[in-house]
Novice: 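Quick one: this structure, given as structure tokens, is what I'll be asking you about.
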Amino acid sequence: MNDINPLLDFTGLPRFAAIRAEHVASAIDRLLEENRACVDKLTQAETPATWAAFVSPLEDANERLARAWGAVGHLHGVLDSPELRAAYNANQPKIVQYYTELGQNLKLFEKYKVLRAAPEFAALSPAQRRIVENEIRDFRLSGAELSQDKKLRFAAISEELAQLSTKFSENVLDATNAFSLYVEDRSELAGIPNDVIEAARTAADKDGKPGWKFSLQAPSYVPFMQYAENRGLREQLYRAYVTRASEFGKPEFDNTSLITRILRLHHEAAQLLGYANHAEVSLVPKMAQTPQQVLEFLEDLAAKALPFARKDYAELSSFAATELGLAQLEAWDLAYASERLRAARYAFSDQEVKQYFPEAKVMQGMFRLVESIFDLRIQPDQAETWDPAVRFFRINDAEGKLLGQFYLDPYARDTKRGGAWMDEAISRRRLDARLQTPVAYLTCNFSAPVGDKPALFTHDEVLTLFHEFGHGLHHMLTRVDYIGVSGIHGVEWDAVELPSQFMENFCWEWEVLAHMSAHADSGIALPRPLYDKMLAAKNFQSGMQTVRQLEFALFDMHLHYDFDPTGAKSPQQLLDEIRSRVAVAVPPAYNRFQNNFSHIFAGGYSAGYYSYKWAEVLSADAYSLFEENGVLDGGSGQRFRDEVLAVGGSRPALESFKAFRGREPNVDALLRHSGMTAA
């Protein structure tokens, strides 16, 4: 078995130790050939329009392709190399072409419509019926009802958009890696924490350079901007960061023209489908109904948050002027001045807190919490990985039955795109008498251990870890047996952040933190007085943070709703207009945030970035039940597992929320959690 192409081995976990770039084309070509033969057979008149005869075989074929291509895509994101990038880019158009063909196949579309109208439909399970309904919707969104010439154009657009999105992401990664700041004078590093300096020394050593190396990757960039007293170096690093993949850097990494092209293609595709704009298309499978509804939601939140944001900024400006001698607060001063103000106001720093969160203790505490509230058992497991730092775990129920497994890839490296995410390796489904259990990837970009010292997490990184594990639990704790709506499949995009943001709430609870902290040197748990300071500072600048998120969400929605991509106004001008209304800290004119806004140009969030705030309303309101019943209440945990995590996309997210909470969601808990209430 191990002699076959590892991408074609579906007997177990992905064989990462064996996968090479040269395996990609042969595996994808073979699977596409097999899938097209399968589709041809399923669309014949003699194949009955039943679940068993055509839906199930099609799911089998598409799952094999998704698993093989998913492993390739995962490696492209976490272990990029020139060879793998070339293989990915060469094969991506074939994948896009296949799915476009599939989505436009009228014979297949008719089969689903016949099944929908047949007596058998009522006898299907709710999950199966939901899949059929979703497929009919998606055929329409894929252009199945277009004329032949429009189908061809729609297919060409889909292929080009996929290539542009990949190129956008690669440009951001390459531009991030292209910049390094080498410092040879130790005195210029005043204020920067020792562990960050040690990591910078190791990075310079690796390059064969004297002194210290700082990069634009988060574990280096973020603490530098927070703590470096050298204002000139902060400005230098800031400028490099906010001009990544723009006209101010290497021309080959400039995303400006890609943004224009992506917007025009999205708009053209929407009009081909009979919609006025891309935002309308994007919202068809989401909870929100119209772009206007989303904009009203965002504007309402902005109106509530702006008074708090203006107060935050006024306090920061005053502190910077009187205590730091910064008469004019610049963009590269914000993180530094904020950290100094927080330390002055609450008498602690991120760096102090970080010493209490060594990686092993955080993982142990997170697992303990999840085991307690959801009645699970999490244990180390064995699997081939793509990097020595990657670990593998299994989740069992209380009786020892396997529910799911996951890879954890925690540290930043040059071959890995930035950010944090959860993705699926294998999805749950029932195969005759056998149950296929789900497997997830949890990927972060934290600082790696230096020497014999453990990796230490900031509290923000702890939040990130819990967030991604929430996504992972949604994927792994599903009880749905049909892949189309198991786990995160079929969940409305603006509800998919509910479990992840829900999990973040526990990171502020004493009962949780007391068991997941131990000082890196003394082993002493987080002291209660320091926790009380953290809690007092929890909503420090929450007004500013909220309007910043709203700025991004409004930019995204307007960009895809009422912005003319062929008009005279540029995306930069649109962003400037939005900032003039909702931003309190306006960045310099050279800031090119949109050029590295991978969420909407390369990450599937186009006309969907509002989802973070939309789902935050749901998650805060859901968590309020735990606040009422007790943070570690197993009954509430079991209810959340049963009504939200277990059902996946097998019913509308609003129904799942109401089944859990017993009512419609409201915004009160979010405003209270954010400290933005009249009191």
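Numbers for residues simply follow the sequence, beginning at 1. The model shown is predicted, which means the values in this text are computed figures rather than measured ones.
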Novice: Identify all side-chain donor-acceptor contacts of residues 506-515 below 3.5 Å with residues at least two apart in sequence or on another chain.
Specialist:
residue: Glu509; atom: OE2; partner: Tyr623; partner atom: OH; Å: 2.7

Novice: Can you pull the ring-ring contact (aromatic ring centres under 6.0 Å, His included) pairs that have at least one residue in residues 430-455, sequence neighbours excluded?
Specialist: His74-Tyr441, Trp386-Tyr441, Tyr407-Tyr441, Phe446-Phe457
Novice: Under a 3.5 Å threshold, yes or no: a donor from one side chain and an acceptor from the other, between His673 and Glu627?
Specialist: yes
Novice: With no hydrogens and no angle check, do the side chains of Asp460 and Thr458 hold a donor and an acceptor under 3.5 Å apart?
Specialist: no
Novice: Do other residues, nucleotides or ligands put more than 12 heavy atoms under 6.0 Å from the CZ atom of Arg639?
Specialist: yes
Novice: For Asp312, what residues pass the salt bridge (charged side-chain N to carboxylate O under 4.0 Å, His left out) criterion, not counting sequence neighbours?
Specialist: none
Novice: Give me the one residue out of Arg15, Arg64, Arg67 that meets salt bridge (charged side-chain N to carboxylate O under 4.0 Å, His left out) with Asp9.
Specialist: Arg15
Novice: Keeping Glu468 on the side-chain end and Thr443 on the backbone end, is there a donor-acceptor pair under 3.5 Å?
Specialist: no
Novice: Quick one: ring pair (Phe, Tyr, Trp, His ring centres under 6.0 Å) partners of Tyr612, sequence neighbours excluded?
Specialist: His599, Tyr605, Tyr609
Novice: Just by modelled atom types, is the Asp633 backbone N or O under 3.5 Å from a matching donor or acceptor in the Asn629 side chain?
Specialist: no
Novice: Using modelled atom types only, decide if a donor and an acceptor are shared between the side chain of Lys533 and the backbone of Pro529 within a distance under 3.5 Å.
Specialist: no
Novice: Ignoring hydrogens and geometry beyond distance, is a side-chain donor-acceptor pair present between Asp195 and Gln351 at under 3.5 Å?
Specialist: yes
Novice: Kindly state whether the ring of Trp51 and the ring of Tyr482 have centres lying under 6.0 angstrom apart.
Specialist: yes
Novice: Quick one: do the Glu63 and Gln436 side chains pair a donor with an acceptor below 3.5 Å?
Specialist: yes
Novice: Treating Gln293 as the side-chain partner and Gln289 as the backbone partner, does any N or O pair qualify as donor plus acceptor under 3.5 Å?
Specialist: yes
Novice: Please identify each residue that fulfils side-chain hydrogen bond (donor to acceptor under 3.5 Å, both in side chains) with Ser125, with sequence neighbours left out.
Specialist: Gln128
Novice: So does Asp481 pair up with Arg428, basic N to acidic O under 4.0 Å?
Specialist: yes
Novice: Within the distance-only criterion (no hydrogens, no angle test), does the side chain of His459 pair as donor or acceptor with the backbone N or O of Lys354 below 3.5 angstrom?
Specialist: no
Novice: Output yes when Glu359 and Arg391 qualify as a salt bridge under the 4.0 Å nitrogen-oxygen rule, no when they do not.
Specialist: yes
Novice: Tell me if a side-chain donor or acceptor on Ser542 pairs with a main-chain N or O of Ser674 at a distance below 3.5 Å.
Specialist: yes
Novice: For Glu628, is the CD atom crowded, meaning more than 12 foreign heavy atoms sit under 6.0 Å from it?
Specialist: yes
Novice: So, does Gln541 use its side chain to make a donor-acceptor pair with the main chain of Ser338 at under 3.5 Å?
Specialist: no
Novice: How long is the straight-line distance from CD1 of Ile131 back to CG of Asp138, given to the nearest 0.5 Å?
Specialist: 11.5 Å
Novice: Is there a donor-acceptor contact under 3.5 Å linking the side chains of Gln226 and Asp350?
Specialist: yes
Novice: Between Phe502 and Phe640 (judged by ring centroids, cut-off 6.0 Å), do the two rings come close enough to count as a pair?
Specialist: yes
Novice: By ring pair (Phe, Tyr, Trp, His ring centres under 6.0 Å), which residues pair with Phe552, not counting sequence neighbours?
Specialist: Phe593, Phe597
Novice: Could you walk me through whether Glu133 and Arg130 pass salt bridge (Lys or Arg N to Asp or Glu O under 4.0 Å), step by step?
Specialist: CA-CA 5 Å; Glu133 300 279 15; Arg130 179 104 167 139; over 6 Å; no
Novice: Closer than 3.5 angstrom, by distance alone: can the side chain of Thr478 be matched with the main-chain N or O of His475 as a donor-acceptor pair?
Specialist: no
Novice: With a cut-off of 6.0 Å (strictly less than), are more than 12 heavy atoms of other residues, nucleotides or ligands near CG of Leu435?
Specialist: yes
Novice: Please check if any side-chain donor atom of Ser598 sits under 3.5 Å from a side-chain acceptor atom of Arg417, or the reverse.
Specialist: no
Novice: Are His471 and His467 an aromatic pair by the rule of ring centers under 6.0 Å?
Specialist: yes
Novice: Could you go step by step and tell me if Asp642 and Arg479 meet the salt bridge (Lys or Arg N to Asp or Glu O under 4.0 Å) rule?
Specialist: CA-CA 9 Å; Asp642 291 343; Arg479 297 193 191 111; 3.0 Å; yes
